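Here it is, the structure in full.
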2 protein chains.
Amino acid sequence: MSTAEETAGAEAQPWGEVTPDAARRLLLAAVEAFAERGYHATTTRDIAGRAGMSPAALYIHYKTKEELLHRISRIGHEKALDVLRTAARAEGSPTLRLAEAVSSFVRWHAGGRTTARVVQYELDSLGPDARAEIIALRRLVDAEVRGIIEEGVRSGEFDVPDVRGTTLAVLSLCIDVARWFNVNGSRTPEEVGALYADLVLRMVGAGRTDTVRAE
Amino acid sequence: MSTAEETAGAEAQPWGEVTPDAARRLLLAAVEAFAERGYHATTTRDIAGRAGMSPAALYIHYKTKEELLHRISRIGHEKALDVLRTAARAEGSPTLRLAEAVSSFVRWHAGGRTTARVVQYELDSLGPDARAEIIALRRLVDAEVRGIIEEGVRSGEFDVPDVRGTTLAVLSLCIDVARWFNVNGSRTPEEVGALYADLVLRMVGAGRTDTVRAE
DNA sequence: ACCGGTCCTAAGCGATCGCTCACCCTTGCC
DNA sequence: GGCAAGGGTGAGCGATCGCTTAGGACCGGT
């Protein structure tokens, strides 16, 4: 390891899989810039500048500016899907698993708000092929949540008249956290995760027996 | 009246208050363009072209491109606030009024998705002064919803441990409709409004006596 | 010492951006 | 008819965009 840079906080150290060190620094700079100003308002000179390089350096590691967004979006979605699956496929009742899935998914969006913002809101700055690939990943996310809800309905724990619509609403609620969450605000990602898990359990009618809190 | 253009659908004919006819056509063109591509990716030439004018015509009615976004955002927020207040301040129990408030607010975001998208997601393309003005309007929206929930808690109809957090979640849920709603999709704005009203009533614990559907 | 490969920079190309300027056409008022 | 005012256009200015090109610094292997 060359540079021992670790950003404190909930963002952990993602992008570890991006192999050339300079390429990772550029990608990290792009995430910050895209999250702050949006994809179209970000210049390649700004990205390179944040990474401490000349504008031309970007094109050694990435073919176009859009490829940067594509890679960020794909890695980010895979990460989010992984977080969700870990919770969704654990042991336990649908109630427990749904609570943990929502809680961890929300924590990911709140804690890694910088990344999540780019991943969730810059989708249609991508070209058709890249967008199609990302949409496929999103369908997997949707299927994961819908699976838990369907199971809960079958087991009688949940009371959900419209499974598809409720799944949509649950995911919408979680994703929108990336829009409003403020790092300097009064709530921690953990608090929001716990609150949202409780709200979602109410939405699926799981509070009739006993409300299980994910701690 | 000169041009009898009316767009069919739920968008009605807003922007009626924009007085010079050419200015309204330009503004309508800007809404479409901003919603499709985002503010920064939209060129002034594109806006003028959609309105059937030359690029220079834009600057007769608006000082800058940002002024267009500012006006769209302010008028849109006022409209959304008006829709919400009409439902929130009607007669009836907090349960009924919350259901109608959510339902109509969602219908506005789904039916007028083009406008809502610009209004809700291009906020930070505005300068500091304009953004501050819009944020003030948002606080009024928040206060309106929080008022109903607080009233429901006082009357015993609702069971809400975290009023501020739940208010945030309810509004987040409604606003995010503008992101995912698809006009060609299988759900109408009315259906989504009814579904969301039901989900929100569950979130505030209003389903214990009887579930009132807004029809 | 010489090499090929990797990583990077300075300079700049063509295109396009937001916006301006000089000028024209129509309209209403006297 | 005269004429100011408002609404419009064609051309283009300076700036900046994404991206390319030519070339240099550093590296380990032989």
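None of these values were measured; they are calculated from a predicted model. All heavy atoms count here, side chains included; hydrogens, waters and symmetry mates do not. Letters A, B, ... are given to chains in the order of the sequence lines, protein chains preceding strands, and every chain is numbered from 1.
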Identify whether the distance between the nearest side-chain nitrogen and carboxylate oxygen of A/D142 and A/R139 falls below 4.0 Å.
->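 Looking at A/R139 together with A/D142, the answer is no, because their closest N to O distance does not fall below 4.0 Å.
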Between protein and nucleotides 3-5 of chain C, what N or O pairs are separated by less than 3.5 Å?
none

Quick one: B/L26 CG to C/dC19 P, roughly how many Å, whole number?
->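 These atoms are roughly 14 Å apart.
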Would you give a per-nucleotide map of nucleotides 7-20 of chain D, 5' to 3', where B means the base has a protein non-hydrogen atom under 4.0 Å away, S means only the sugar-phosphate does, and - means neither?
-> -BBB-B----BBBB
Pair up each side-chain donor or acceptor in residues 28-40 of chain A with any protein partner under 3.5 Å, not counting sequence neighbours, and list the distances.
from	atom 1	to	atom 2	distance (Å)
A/E36	OE1	A/R50	NH2	3.1
A/R37	NH2	A/D46	OD2	3.2
A/Y39	OH	A/E66	N	3.2

Determine, for B/R24 against B/D21, whether the closest basic-nitrogen to carboxylate-oxygen distance falls under 4.0 angstrom.
->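 Looking at B/R24 and B/D21, the cut-off is met.
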What's the shortest heavy-atom distance between A/A88 and A/I148, and which atoms?
->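 For A/A88 versus A/I148, the nearest heavy atoms are CB-CD1, 3.6 Å.
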Pair up each side-chain donor or acceptor in residues 161-174 of chain A with any protein partner under 3.5 Å, not counting sequence neighbours, and list the distances.
from	atom 1	to	atom 2	distance (Å)
A/D162	OD1	A/R164	N	3.4
A/D162	OD1	A/G165	N	2.8
A/D162	OD1	B/R187	NH2	3.4
A/D162	OD2	B/R187	NH1	2.9
A/T166	OG1	A/D162	O	2.7
A/T167	OG1	A/V163	O	2.8
A/S172	OG	B/D176	OD2	2.5

What closest approach, in Å, do A/A87 and A/S104 show between heavy atoms, and which atom pair accounts for it?
->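 Looks like CB-OG, 3.7 Å.
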With sequence neighbours left out, write down each residue that passes side chain to side chain donor-acceptor pair (under 3.5 Å) with A/E78, or none if nothing qualifies.
->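 Not a single residue meets the side chain to side chain donor-acceptor pair (under 3.5 Å) criterion with A/E78.
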What is the distance from OH of A/Y62 to P of C/dC8, rounded to the nearest Å?
->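 One finds 11 Å between P of C/dC8 and OH of A/Y62, rounded.
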Contacts table for residues 125-137 of chain B: side-chain donor-acceptor under 3.5 angstrom, sequence neighbours left out:
from	atom 1	to	atom 2	distance (Å)
B/S125	OG	B/E122	OE1	3.4
B/R131	NH1	B/L126	O	2.9
B/E133	OE1	B/H70	NE2	2.8

